[in-house]
Amino acid sequence: MTCTACAVAIEKSVGKLDGVSEVAVNYATEKMKVIFNGDTVSEESVISEVRNTGYDVAYNSAEVSDIKEKSNVKLHEESMKRRFWTSLIFTIPVFYLAMGEMIGLPVPGFLYGETNSLILALVQMFLTIPVMITGWDFYKVGFRTLWKRSPNMDSLIAIGSSAAFIFGVFVIFQLAYGFSQGIPEIIAKYSGELYFESTAVILTLITLGKYFEAKAKGRTSDAIKSLLALVPDEAVVIRDGKEITVPLNNLLIGDIAVVRPGGKIPADGVVSEGYSAIDESMLTGESMPVEKKIGDSVIGGSINKTGYIKFEITGIGGDTTLAQIVKLVEDAQGKKAPIARIADNISAVFVPVVIGISLLSFVIWMIAGYEFAFAFTVAVSVLVISCPCALGLATPTAIMVGTGKGAQYGILIKGGEALETIHKASKIVFDKTGTLTVGKPVVTDIAAFGIDENKLLALAAAAENMSEHPLSEAIVNEAEKRGLTITEAEGFEAVPGFGIRAVIDGGEFLIGKKAFLSKNDIDTGEISDKADEFANESKTPLYTAYKKHFTGIIAAADVIKKGSLSAVKRLKGLGYEVIMLTGDNKKTAEAIGRSMGI
């Protein structure tokens, strides 16, 4: 398909079949959805009707794979780019030769004046031919759809540019006759009647439009690919008592998968062995990794941050949570907005009406007594000017790019209708993590006890430098920001669910939950009020001890993103009610809400 009128033509022809209750062809995603009564009409009948309309269709997995291979989005984009530059290289000299003299630009002597008009005409024609060859698809599709009595925008381009070229060839014959017979009146009459530049320019501009459209499709394709990239290509599973690596499409329900620290969860499942903290922010937005033990569910695409786990696979392929999100994005891009349907309906009648007006213009000027050349020029002008592909492309392309770009930033738009009606909204509901907040923890406070603050941070960073936990990363980043020296720790040990211990400069350093220190007979009662204060502000307190002495608390939290507060204030100023909706814990939500005035 080359424009939305193609999609409308297919919808009309398939929609006429008995038993078809609904048909939707999406030009942007190149997909057709048909709802039909299997007793009345068959799949083969639908496919046959599409092919009779002048288009092809892939309907089984092998054909679809073959089509995708042939019409790779990036390859198509590169092809359109080459076509545009090739057309432009030949169009610029044609345009210069046709228009340069009018605005006083120099023209080579052998092409200047009436005496050289035949040579000028031939040069323009030979420069225009490569542009027409480059834009051959416009002619192939345009005349085919015209023959099938379902003309589209390509039909206008094909007729208009062909007419301008044919008229140019007619002028060349007239000039040749004038020169051969020595009739200066014919030479004077036709020397200024060349329209090769119209053919070249319209084809080049339309090709540029198609290139921009191909780029837009590429961006949408990239958005969906970036979602799919959250899941690894392979998974480690246990079969016959051995760990083996298998491609993702070879996973089976009930397989036991193994994921080590830093690895991605390949599919949805339930933990059967081990303990870890999983980063599920890609789905839930929760700023801190979620601790997972035996019996807890895990989501494909989330990241295993700390421990070694085994889990039983419960969802594969299209049944996974991430696959449902991808489907939502694709459906959103496939669904037409109400305004897009209006544009499609206009496009369907626009093309035949324009062809009719062009013919009528020709007839009227001929009846009015004007010469054939003038009437023909008017008819061609109507055709060439009336190629507003934007009419049918603007809305679907905007929806396609909007939903695709949104997906890249984690914003899922359910469809064109949602985009079209959002201006009626009175309330704005924000997610918290990664939207209003940064999305990862940073060190916010250090309450040192009997030790220098920087010394405590340096000890904590030395221990945490050997861990992959996001809180560890926050402490190391803060130490580096302050320019502190991070020494190498020994005897590192992570105690799942509690904290970590390490030997630094000959002394044992502990950091983690209050219960972790209590378990090691270290009293933390001195600044318990400070810890409560941190907790009330939704900060995560990490208790520390060095050489069996309590050394203080380091607090970390997901902080408000730069610009969030001003954005919320601006929305309130515009009269919107701002709401924060989050999957994070209540204390965290209330603390962020208070600080943002939500």
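Sequential numbering from 1 along the given sequence is applied to the chain's residues. Computed from heavy atoms alone, side chains included, the values below leave out hydrogens, waters and symmetry copies.
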Would you please name every residue forming a salt bridge (charged side-chain N to carboxylate O under 4.0 Å, His left out) with [X], sequence neighbours left out?
X      : result
Glu473 : none
Asp255 : Arg239
Lys562 : none

Checklist entry - Taking the inter-plane angle between the rings of Phe84 and Tyr211 on a 0 to 90° scale, is it parallel (under 30°), tilted (30 to 60°) or perpendicular (over 60°)? => result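 Aromatic pair Phe84/Tyr211 classed parallel.
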Checklist entry - side-chain hydrogen bond (donor to acceptor under 3.5 Å, both in side chains) with Asp445: which residues, sequence neighbours excluded? => result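 In terms of side-chain hydrogen bond (donor to acceptor under 3.5 Å, both in side chains), with neighbours along the sequence ignored, Asp445 is linked to Lys539.
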Checklist entry - Mind checking what makes side-chain hydrogen bond (donor to acceptor under 3.5 Å, both in side chains) contact with Thr204, not counting sequence neighbours? => result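 Checked Thr204 against side-chain hydrogen bond (donor to acceptor under 3.5 Å, both in side chains); matches are Thr91.
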Next on the checklist: Let's go through Ile560 and Leu436 carefully: what are the C-alpha distance in whole Å and the side-chain angles of both, what is the deciding distance for side-chain contact (heavy atoms from CB on, under 4.5 Å) to 0.1 Å, and is it a yes or a no?
Outcome noted: CA-CA 6 Å; Ile560 293 169; Leu436 294 176; 5.9 Å; no
Next on the checklist: I need the full list of salt bridge (Lys or Arg N to Asp or Glu O under 4.0 Å) pairs touching residues 303-312, with sequence neighbours left out, sorted by first then second residue.
Outcome noted: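 Sorted pair list: Glu273-Lys310.
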All pairs passing side-chain hydrogen bond (donor to acceptor under 3.5 Å, both in side chains) where [range] contributes a residue, at least two apart:
range            : result
residues 454-464 : Asn454-Arg482, Glu464-Ser472
residues 563-579 : none
residues 486-509 : Glu493-Arg501, Arg501-Glu508, Arg501-Asn520
residues 241-254 : Glu243-Arg260, Glu243-Tyr308

I need the minimum non-hydrogen distance between [X] and [Y], along with the two atoms involved.
X      : Y      : answer
Pro266 : Phe311 : CD-CZ, 3.6 Å
Phe492 : Ala463 : CE1-O, 3.5 Å
Phe516 : Ile500 : CE2-O, 3.4 Å
Ile504 : Ala489 : CG1-CB, 3.9 Å
Ile486 : Ala479 : CD1-CB, 4.2 Å
Gly507 : Tyr546 : O-CE1, 3.5 Å

Do any side-chain atoms of residues 293-303 form donor-acceptor pairs under 3.5 angstrom with protein atoms, and if so which ones, sequence neighbours left out?
unit_1	atom_1	unit_2	atom_2	d
Asp296	OD2	Lys293	N	3.0
Ser302	OG	Ile299	O	2.5

Atom [atom1] in [X], atom [atom2] in [Y]: separation rounded to 0.5 Å?
X      : Y      : atom1 : atom2 : value
Leu251 : Ile313 : CG    : CD1   : 4.0 Å
Thr314 : Ile253 : OG1   : CD1   : 6.5 Å
Glu453 : Ile554 : CD    : CD1   : 9.0 Å
Leu581 : Asp431 : CG    : CG    : 7.5 Å
Ile446 : Ile553 : CD1   : CD1   : 12.0 Å
Leu510 : Lys547 : CG    : NZ    : 13.5 Å

Taking C-beta and beyond as the side chain, do [X] and [Y] meet within less than 4.5 Å on heavy atoms?
X      : Y      : answer
Val259 : Val236 : no
Thr540 : Pro441 : no
Phe509 : Leu456 : yes
Met80  : Thr207 : yes

Identify every side-chain donor-acceptor pair in residues 589-598 under 3.5 Å, counting partners at least two apart or on other chains, and give the distances.
unit_1	atom_1	unit_2	atom_2	d
Arg594	NH2	Asn536	O	3.3
Ser595	OG	Ala591	O	3.3
Ser595	OG	Ile592	O	2.8

Next on the checklist: Looking at Thr544 and Ile511, would you say the former's side chain and the latter's main chain have a donor-acceptor pair under 3.5 Å?
Outcome noted: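 Side chain of Thr544 to backbone of Ile511: no pair is present.
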Item to check | Under 3.5 Å: donor-acceptor pair, side chain of Thr437, backbone of Lys432 | outcome: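 Pair found, side chain donor or acceptor close to backbone of Lys432.
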Item to check | side-chain contact (heavy atoms from CB on, under 4.5 Å) evaluation trace for Glu478 with Val442 | outcome: CA-CA 8 Å; Glu478 181 63 23; Val442 296; over 6 Å; no
Item to check | Leu252, CG atom: more than 12 neighbouring heavy atoms under 6.0 Å | outcome: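 Above 12, so yes.
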Item to check | Within 6.0 angstrom of Phe498 CZ, more than 12 heavy atoms from elsewhere | outcome: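 Atom CZ in Phe498 is not packed in, count stays at 12 or less.
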Next on the checklist: Before you tell me yes or no, could you show the steps for Tyr543 and Ser518 under side-chain contact (heavy atoms from CB on, under 4.5 Å), namely the whole-Å CA-CA distance, both residues' side-chain angles and the distance that decides it to 0.1 Å?
Outcome noted: CA-CA 10 Å; Tyr543 292 78; Ser518 300; over 6 Å; no
Checklist entry - Looking at Glu78 and Lys81, does any basic side-chain N land under 4.0 Å from a carboxylate oxygen? => result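 Here Glu78 does not pair with Lys81 in a salt bridge, since their nearest N and O are not under 4.0 Å apart.
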Next on the checklist: For Leu457 and Ile475: C-alpha separation, side-chain torsions, deciding distance, then whether side-chain contact (heavy atoms from CB on, under 4.5 Å) applies.
Outcome noted: CA-CA 7 Å; Leu457 182 61; Ile475 289 168; 4.0 Å; yes
